[in-house]
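Positions are given from 1, in the same order as the sequence printed here. All of these numbers come straight from a predicted model, not from anything done at the bench.
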Amino acid sequence: MATYLSDLDDIYFNLFSVLKIQNKNPDFGVDDAKSIISEFDKFVANEIFPTREEGDLVGVKMEAGKVVAPKSYLKAKDNYHSNGWFGLGQEEDIGGMPVPQAVYMSCQSLLVGANVSWSMYPGLTKGAFNAIKVLGTQEQKNLLLPKIMEGTWGGTMCLTEPGA
């Protein structure tokens, strides 16, 4: 059986000794970053990593014209959004939790390491979310962003390469 392992000391070394993110934003300290990353790591270990086995064994299926993901994926997605992790790195005025980009990316590396397949759900949704946030009309933002932030709606990508 696989075991989830992370190396928070290595992440902290890179953030604080190499990148020195604590010097770039005086309002966001070392303890803040460590607290967020540590809690995210616990969430990933308990909620995301366990989805790997069912994801591999059951997979995603097409049933009656609908895509059906493993049940553990849906539970993890709901918990990811209800715990506010989708909002990590987003502005407070849209329900986000602003953090330095390096902290956000550190958390994303933990997420991908726990289950790269599952990480595509919030990852692709984040891409759609950011595109709407930057390029959408105010009407589109008002309609779509809250639903995406709460986890009711997701996003994906459309491949344009021949044969995709």
Worksheet item: Any donor and acceptor pair, going by atom type alone, linking the side chain of T125 with main-chain N or O of G154 inside 3.5 Å?
Response: no
Worksheet item: Taking the side chain from K61 and the backbone from V67, do they hold a donor-acceptor pair closer than 3.5 Å?
Response: no
Discussion item. With clusters defined by side-chain heavy atoms of hydrophobic residues (ILVMFWY) lying less than 4.5 Å apart, directly or transitively, does L144 cluster with L124?
Written reply: no
Discussion item. Could you check whether N46 and Y4, counting side-chain N and O atoms only, form a donor-acceptor pair closer than 3.5 Å?
Written reply: no
Practice prompt. Output the distance between atom CG (L110) and atom CG (D41), rounded to the nearest 0.5 Å.
Written response: 5.0 Å
Fill in: Sidechain N-carboxylate O distance under 4.0 Å for E63, K66
no
Worksheet entry | Heavy-atom pair with the smallest gap, counting every atom of M97 and I36 | SD-CD1, 4.1 Å
Worksheet entry | S119 side-chain N/O to V116 backbone N/O, donor-acceptor pair under 3.5 Å | yes
Worksheet item: Once you round to the nearest 0.5 Å, how far does CG of L88 lie from CE of M105?
Response: 11.0 Å
Worksheet item: Can you find a heavy atom in the side chain of K141 that is under 4.5 Å from one in the side chain of T137?
Response: no
Worksheet entry | Side-chain (D32) to main-chain (G29) donor-acceptor, under 3.5 angstrom | yes
Practice prompt. Using modelled atom types only, decide if a donor and an acceptor are shared between the side chain of N25 and the backbone of D27 within a distance under 3.5 Å.
Written response: yes
Discussion item. Any carboxylate oxygen within less than 4.0 angstrom of a Lys/Arg side-chain nitrogen, looking at K75 and E47?
Written reply: yes
Practice prompt. Indicate, with yes or no, if the rings of Y80 and W118 have centres closer together than 6.0 Å.
Written response: yes
Worksheet, complete the sentence: Minimal heavy-atom distance between I94 and M149, with the atoms involved, is O-CE, 3.1 Å
Worksheet item: What is the minimum heavy-atom distance between Y121 and A69, and which atoms define it?
Response: OH-CB, 3.5 Å
Response to the item:
So CD of E54 and OH of Y73: to nearest 0.5 Å the spacing works out to 8.5 Å
Worksheet item: Looking at side-chain heavy atoms only, is the closest gap between F28 and V103 below 4.5 Å?
Response: yes
Item to complete: State the OH-CD1 distance between Y104 and I37, to the nearest 0.5 angstrom.
Response: 13.5 Å
Worksheet entry | Between CD1 on residue I132 and CG on residue L145, distance to nearest 0.5 Å | 6.0 Å
Discussion item. Tell me whether K20 contacts the main-chain N or O of S17 through its side chain, where contact means a donor paired with an acceptor under 3.5 Å.
Written reply: yes
Worksheet item: Are V112 and F49 linked, directly or through other ILVMFWY residues, by side chains that come within less than 4.5 angstrom of each other?
Response: no
Item to complete: Step by step, work out the salt bridge (Lys or Arg N to Asp or Glu O under 4.0 Å) result for K133 and E91.
Response: CA-CA 11 Å; K133 192 170 78 167; E91 300 85 5; 3.1 Å; yes
Worksheet item: Can you name the nearest heavy-atom pair linking A33 to F16, along with the distance?
Response: CB-CZ, 3.7 Å
Discussion item. Check whether S109 reaches the backbone of S106 with its side chain - one donor and one acceptor, N or O, closer than 3.5 Å.
Written reply: yes
Practice prompt. Please examine the side chains of L111 and P122, heavy atoms only from C-beta on, and report whether any two atoms are closer than 4.5 Å.
Written response: yes
Practice prompt. Taking all heavy atoms of H81 and all of E150, pick out the closest pair and write down the distance.
Written response: CB-O, 3.5 Å
Worksheet item: Given the rule that I, L, V, M, F, W and Y join up when any side-chain heavy atoms are under 4.5 Å apart, are L19 and V30 in one cluster?
Response: yes
Worksheet item: How many angstroms lie between atom CG of N115 and atom CD1 of I48, to the nearest 0.5 angstrom?
Response: 7.5 Å
Fill in: Nearest atoms (heavy-atom pairs only) where V44 meets P50
O-CD, 4.2 Å
Discussion item. Using a 3.5 Å distance criterion without hydrogens, assess whether the side chain of S82 forms a donor-acceptor pair with backbone atoms of D78.
Written reply: yes
Fill in: Centroid-centroid under 6.0 Å between F129 and F86 rings
yes
